[in-house]
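So the structure is just underneath, and the comments pick up after that.
Residue numbers start from 1 in every chain, and the chains themselves are labelled A, B, ... in the order their sequence lines are given, proteins ahead of strands. Every value quoted in this text rests on a predicted model; they were computed, and no experiment measured them.
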Amino acid sequence: MTVAQLIFYVIAALAVAGGLGVVLARNTVYAALFLILALLAVAGVYILLASEFLALVQVLIYAGAVTVLMLFALMLTRVGDLPETMTGAQWPLAAVVSSLLMGLLVTTVATSDWPGDADGTITRIPFEQLGEALFRQWAVPFEIASLVLLIALVGAIVLARDEDDDVEESE
Amino acid sequence: MVQEHELEPETVDIGVNMGPQHPSTHGVFRMVLTIDGERVVDVEPHIGYMHRGAEKLSESMDYRAAIGFQDRTDYLAQFMNEQAYCMAVEELLELEVPERSEYIRVILCELNRVTSHLMFLGAFGIDLGYFGTSFTYGFRERERIQDIFEEVTGDRLMYAYFRPGGLAWDVPDNFVQMVRDVLPHTRQGLKDLDLLMTQNEIVAVRTKGIGAMSAEESINWGLSGPLLRAAGVDWDLRKDKPYSIYDRFDYDIPLGSHGDLFDRFLVRLEEARQSLCIVEQALDQLPDGPIMPEKMPRRLRGPEAEVYTAVEGARGEYGVYLVSKGGDKPYRLKMRSPSFCNLSALRDMTVGSYVADAVAILGSIDIVLGCVDR
Amino acid sequence: MIGIFKSMYITFATMLRTPVTIEYPAKHRDVPQRDRAFPILLWDKEVDEPFCTGCHACERACPVECMTVTMKDNPLHADEKSTRRKIVDEFWIDYGRCMRCNICVEVCNFEAIAMNNTWAGHELSKFDRNDLVLDLQQLLSQHKQDKIDAWVAE
Amino acid sequence: MEAVSQQIPLEHFLVLSAILFSIGVYGVLTRRNAVLILMSVELMLNAASINMVAFAAYASPAAFTGIIFAIFIITIAAAEVGLALAIILRIFRNRGTANVDEVDALKW
Amino acid sequence: MLALTYDVGNIWLDSLLGVLALVALMTVSALMLIWLERKISARIQMRLGPMRVGPYGLLQTAADALKLIGKEDLRPKTANRWVFELAPFAVFVPTFAALVTIPFTRDWAIAFLDLGLFYVVAVTGLAFVGFLMAGWASDNKYALLGGMRAAAQLISYEVPMVVTLVAVAMVAGSLNLSEIVLFQNRIPLFVWQPLGFFIFIVAALAELERQPFDIPTAESEVVGGPFIEYSGIRWSMFFLASYTSLLIYSLLGSIVFLGGWEWPLGTEAGLWLQILLILVKTSLFIAFFMWVRFALVRLRIDQLMSYCWKVLIPLAFLQVFLNGLVLVYGWPDGFLLLTSGAGLALAMYIIYRAVDTEPRELRMVPARGGGSSAQAATVDATGSG
Amino acid sequence: MGMTDAWVLPLLPAAAFVVLALFGPYLPRKGDWLAVLAIGSVFVLTLLIVADFTDALALQGEDFAGVTNSIQWMEVPGYLELNFGVHVDAITIVMLVVVSFVAFMVQVYSLGYMKGDARYGWYYAVISLFVASMLALVLADNFLLLYFSWELVGLCSYLLIGHYSHLRSAAEASKKAFITTRLGDVGLLIAIILLWRETGTMNIQGVIAAAEAGEVGREILTASVVLLFLGAMGKSAQFPFHVWLPDAMEGPTPVSALIHAATMVVAGVYLVARLLPLFELVAGGTELVLAIGLVTTIMSATMGLVMTDIKRVIAYSTLNSLGLMFVALGVGSPAAAMLYLFTHAFFKALLFLGAGSVIHATERQDVSGLGGLFSKMPLTGVTFAIGALSMAGLPFLAGFWAKDEILVALLENKIAFAFVLLTLPLTAMYMMRVFVLTFLGEPKEPEAQEHAHEGPPTMAVPLVLLAVLTLVTGFVVFDQVGRAMGFPGGIGEVIYLYGPHAFEFNVAVTLGSIALVAAGLGGGWYAWVVRPQLPASVMARLQPVHALLVNAYYLDALYQAIIDRVVLAGARVIAWFDRNVVNDTGIDGPAYTTGFAAYLMKFQQTGKLPNYALAMVIGIVALALVAFSLKA
């Protein structure tokens, strides 16, 4: 086991722990904090996959901005932190199905023959090249993504707006 | 639309307790804010943490001894309180105050107004968010004037210097020079504060249009003093009901127009300047002579009467209502404290504004808890 | 922005001015002559006895009732050394209660009591509040040792 | 383009991704609070991203489409979360709850 | 700093020494900065500041730190234990991690990252989690309010900050901090991009939660915000993190906008000159931040937000747009200076106009007949007389 | 400002339209100054273009075929290539001068006339749009742009006729105008598409060249020429489409002057003149034009005699003139047609503006309620008289020269010549009639005329300017005059389209026409001044004829009947089919089916999101398991 593998196992364990925390925690804020942990661990996975840029994007946007929204929402909606209301009644069935799904996926992964698997050698892609590709080859999806962001922004503002505020402002 | 409103559950309001140990409540004032996010929905002021029963205590003191309690009501504008009380007693006993005493009283009162306003200007900056800068600017100059007071009266805060009929003792020989020396410093301090705050855009956005009260509302709430004048009401007891010798000086009453925090700030700043003008004139005219009436009774025994006298304190009309049933003690003493009356309008000014504004609005009322609770 | 620049300017300007603070315990301001910290009793050096006769005038006038005075016959009067027939026997002032209103000084007919105007009168921190009740000897000691230049209003 | 050898087989990443995905599915199925469901969805998205990046790194480094896709997933997730939270907020304001099984207007 | 100059040979040992050096640097600089801030505030307010412990009170903060370490670590009974206790670390660790990639001279840094600038921004952006945790876990309304304010403010002001730095990275053509410095060579970037510089300073002030943006910790409103329930070592970690952030942003500013260890008089500065230069530039930033703290009042939360979203972000995008124009069309840098300067003027004009700066006139009613006729009947209220 | 820059011309008023339409209400004076400014500058620029044109003409002489400036708009290689551009040649220049000048005059006039109107700003916006599209129409170098602007002027005409939309009659009239012209426009569109299919180009010159080169099949060419002419008939209100023009008088009078006298209605003439080579290629093409023109001329001349509405009389006179132009085109003399068009624009605009002045002053337009206005409004009276006489063809006024030119050109065709001669006294007579009834005699409704007065200067100045032009424009037919004005070969070179065409003067024809006109005028004078009761008695005696004329030959009734009987009946059948078959069965049927099915299926739903999600995941897992088992 090399050092890299050791690091991978640690990070993977953190990610799985975070994920389990998200779905099992009895406290909503705990769940959100576990989510941050999981997201940071995924960022670590990205680093292991030699995509530092992606890792930083993950940290900046996911862990840094998306989760704050969730925390805000949790605190604003003040959803009852009562443990008995956290999990729905169908959890046993869901657990079975999820485990089945996991089994299926893992089996598929294990039984398949993947390319580039032989030596565990990966390729580091310079982020300049990434940028080139993003803005030339993928320019149209990029623009669409920005449009989607804009629309989401407007939509979120319109939706979250309080009618009372409108009245106040018009006065 | 209407239906949606009906469906909407009550917004989650948070009750926040501000005071009595909150750093921004002046003294031991406590207000319970109900806030919705950052907006103030309701304010409930709680007072009485500093109640000492000064009015009741005064009933068991003779007319001289009760002066000490006057210092302890509005403890930032003590001379004015003493002045009001002494005027009440003088009216009751029909005492004639000597000329020199009147002048010294005016000088000290106006200097006291300056110290009080300096205190306000400094503290207001803190409420707005200065990290002590405005406060030390104000205090620096206030301290110089306090030194004069200490030289004259022997105490830094609780002067107990005025007496029914005059003064406790004469001022030191170098009094005039001392005051003249300190005036440039005070002007410099006011200028510093002016430069620091008046034109600052951030101060402007924080103060303009905030906590505004119209002239009519101000009158209805019984506001007085700078608060009332900031709303544009031309009312100053020194001018409109002249007492003492205020009719001998030339000065201006500054009036605001919007009645918001910024106007209150400006009015107080300008009032401090005008007080300095009065002080200068009084120093020029200061006569020699006795400080107490010639035939001063040893024991002060009042006739059966009621009097009310009021002065224009630093915070507004400070009145003393004195009922005497004869004897050397007041039967009933009631103080009309401006802080208390001004504070009553707090809810009206605050509701609907932001938490940060609530702090600044409370600061702009410039309450003194000793005066509110007595 | 002009106002913000003005604020920056004035803060910078004051940064260059001399500080006004003094380092308190190391340096002391001069206390004014009239300063009234707490009342003490005066010592008649000519006769070598207190001025105070224990007449209770101050005790009665004190708004906060912090004084306790008892009177006795003056032994020196018997010896014809003093003109005072009566003299103070015991005198306690509770500095924890005193509100330093100067009334005792004013009502005193013998100019026997005065307000301390030294730093010794100001710095009275004690660990026990009972230590703030001063007896006659403590009240007299300052003037006795010429540490005070008593200023008594007429 | 620089080759890095870390001796981690590709399957490791894929298995991690599969586990995270299943956990996310479980969360979506069992959580009652809409915000928590959203979090579980994020987990699933991240699992997918890991998959794609892993494939990009191991299998098709020349095209690195996987990385681009991961970037788009992150972008869209940001938009989605903003919008979803706004919707949840509105539901909460209208119905006083953010529990999805109490919001059963799907059945009328 | 030894680890930075001498290659120990073992990567683990090397990193460990580097981290230790950083911790030492952080602690010492934070202590010094606190002392400096107290001194500057004292001088602005014409006080003396700490004078007793050590010469000119230099050791005052060290003494304070010792006291804080010795203090009991209080935790409110109703506080959420784990979150409460972990919150200081959640603030501290990102701050610390951000310091790793900042180069101090041409050759000195723990790690020269290709994505250095991005890394710093991304990692410092995580600090809000700690504030939110602290605010939520304290079970205190002031703390919760402060935590929410902190999170909202940090997230919002990160946007103009990132966009401005993107503008810089555009012209520099790199996200590597060292290369950005090399790119600036003789003329630092703030000359060409005054608007970006301005936005950076404002956003940094907000990220640092210093006046006029100290809303999350506003003493007179939320009584210290998220930290209200903390004491002792945990509180000092917040404090340490806050002053380390000050150091980080000052370093970042001096590297990105002031040319780091380069100076206009020559490019091949020696090691000591480099250290001196970066120290001086960083100190300029620090002094400015401290100066501002005592010269300005606090904004209100809504004003803060609208200033960010309505003024700073559009202007930051304007800067990016201008840079893009200059890059694409190869226009001279002077054009950038002109337009960016115009943008800066616009920003200042917005500040000037957005608020009601109309000088208010007080109505002066003369008392006693003629009044003080010597003076003008109406005094300009804003006049400094 | 060269000819290649002519594309600027339509853009100015178009920009004015955009600004006015979007921000009009927020501009001072609702932005009328903007419209006037735009068209004013268009006029000035037009003069510059004319100067450039004459320079080019002097330089290149007769070979000068015009300038084209075109940009490619879109291209499907090998299939479609669309260009947008301008083409400036002699005919364009004439039209440009007419359009820009008359539009300028009318807009200035409207400042006074439309003052206080509720939709003042909108009026100016639309009229700017009209000017823009009219300019684009005459400048277009290809059929597509021509068609666009063709439809746009139609739209503007529709909007402006219906300007007083609160009046039912105005709304009806606008609809009528729109629909009637649409009938012709469809022909135009089909013709354009046909020609494009055949020649593969949209370019007008290209199409003409191709047709002349014989690239277009005869049948197609014939069909497209007929269809093109249909469009021209619709726009120019030729029989049988002429019915919309009199009704269009419901619009504001300046609009009538601009659109329905000077510019839009002559678009048909312009089109035919522009495409005359095509007509000449087709057997019977010119004859068709001639016939239609003649019919229109005679019908309108007779109807003009009995109309009582001052504006309608002028409208019929317009029809009369348009018919004359088509007659000229029909005998292959576009030069005469264009000369008539040129002069007609001025005096007809003058007539309308004069009528507008009367209406503005008295607020009524029926001559039976007018009379004796001359003393109150001398300026209007004089200018109106000039216009009327010019229309009648009194010597040395503008109309005279142009009319004589047409007569000379008609000499070849005796029948047509005779018919045209017949109309001359009629025209003179009804012009005399309307003038007399309006301005002379006693006021029939005195209360209406009491406050009659001249309009403000903005109304008077255009009147005077137009009157002066009416007096002098006729003389431009002489080369000496043109040379004196700076045109190298005389203005004739400009107005006459194909090659030099000297003014032909036939003493016999001229004298004859003068005699006829004088007779007409005299007859009119006799009938309405000397013996005012005569018309009534004539009317009484010729009751059927009068009824026929007053009802405009019952054409409106005929059309109405056709619509009622044929079109609506067909529509009813289609409506029934649509409602019952398409709507109820085709659309609602599946919906009902789905709804019922959904009603049946809804009972298995819980409405809870997690359940659905779970079901989905179970489905996926099951599918995957199936796939695995199959694979295994």
Side-chain angles (χ1 to χ4, degrees), chain A residues 2 4-5 8 12 15-16 19-20 22-23 28 31 35 38 42 45-46 49-51 54 57-58 61-62 65-66 69-70 73-74 77 79 85-88 91 94-95 98 101-102 105-106 109 114-117 120-125 130 133-134 138 141 145 148-149 152 155-156 159-160, chain D residues 1-12 14-16 18-27 29-33 35-36 38-40 42-43 46 50 53-54 57-59 61 64 67-68 70-72 74-79 81-83 85-90 92 98-99 101:
Chain A
T2 61
Q5 279 179 352
F8 172 77
V16 172
L20 287 176
V22 171
V23 297
T28 49
L35 179 66
V42 172
V45 171
Y46 290 157
L49 286 167
S51 335
L54 201 55
V57 170
Q58 170 97 355
I61 295 176
Y62 245 130
V66 170
L69 278 178
M70 303 215 175
L74 287 178
T77 52
V79 195
T85 65
M86 296 293 289
T87 304
W91 73 267
S98 304
L101 185 66
M102 181 159 75
L105 287 173
V106 172
V109 167
W114 304 102
D117 196 14
T121 303
I122 56 174
T123 313
R124 181 191 303 277
I125 291 139
L130 206 60
L134 201 55
W138 300 89
V148 168
L149 273 179
L159 279 174
Chain D
M1 293 273 179
E2 171 196 347
V4 185
S5 183
Q6 293 182 329
Q7 282 102 40
I8 308 174
L10 174 57
E11 277 95 350
H12 280 44
L14 301 186
V15 169
L16 172 64
I19 295 174
L20 272 184
F21 189 81
S22 307
I23 293 174
V25 168
Y26 176 75
L29 294 184
T30 53
R31 286 301 200 180
R32 295 180 68 208
N33 186 332
V35 182
L36 289 173
L38 202 59
M39 290 181 188
S40 309
E42 297 301 330
L43 273 184
N46 267 284
I50 291 179
V53 177
Y58 281 89
F64 54 87
I67 296 178
I68 302 274
I71 291 176
F72 282 130
I74 293 177
T75 317
I76 301 304
V81 166
L83 210 52
L85 289 179
I87 293 171
I88 292 170
L89 214 59
R90 176 116 314 260
F92 178 74
N99 281 354
D101 49 5

D:Val35 versus A:Met70, closest heavy-atom pair with distance: CG1-O, 4.2 Å
Reported CG-to-CG distance for the pair D:Leu20 and A:Leu105, which is rounded to 0.5 angstrom: 11.5 Å
Close side-chain approach of A:Leu101 and D:Phe21, heavy atoms under 4.5 Å: yes
Least distance between heavy atoms, D:Leu83 atom then A:Ala152 atom: CD1-O, 3.4 Å
Contact class of A:Ala38 relative to chain D, heavy atoms under 4.5 angstrom: side chain
Closest approach of D:Arg31 to A:Ala31 (non-hydrogen atoms, all atoms of both residues): NH2-CB, 4.5 Å
Value rounded to 0.5 Å, distance of CG in A:Leu20 from OH in D:Tyr26: 10.0 Å
Most chain A-contacting option - heavy-atom pairs closer than 4.5 Å, from D:Ala77, D:Ala79, D:Gly82: D:Ala79
Engaged part of A:Ile61 at the chain D interface, taking heavy atoms whose separation is under 4.5 Å: side chain
Which atom of A:Ser98 lies closest to which atom of D:Leu29, heavy atoms considered: OG-CD1, 4.4 Å
Residue pair D:Gly27 / A:Val23: nearest heavy atoms and the distance that separates them: CA-CG1, 3.3 Å
Side chain proximity check, A:Gln58 to D:Asn46, heavy atoms < 4.5 angstrom: yes
Min side-chain heavy-atom separation A:Leu49-D:Tyr58 under 4.5 Å: yes
Which atoms of D:Ile19 approach chain A - backbone, side chain, both or neither, heavy atom under 4.5 Å: both
Max heavy-atom pair count under 4.5 Å with chain A, selected residue of D:Val15, D:Ile87, D:Ile50: D:Ile50
Part of D:Ile71 lying under 4.5 Å from any heavy atom of chain A: both
Test item: D:Thr75 and A:Val148 side chains (from C-beta on) under 4.5 Å apart, heavy atoms: no
Region of D:Ile76 in contact with chain A, defined by heavy-atom distances below 4.5 Å: side chain
Side chain / backbone / both / neither for A:Leu35 at chain D, heavy atoms under 4.5 Å: side chain
A:Val66 to D:Ala78 - nearest heavy-atom pair and separation: CG2-CA, 4.0 Å
Options D:Ile68, D:Val25, D:Leu43, ranked by heavy-atom pairs under 4.5 Å with chain A, top entry: D:Ile68
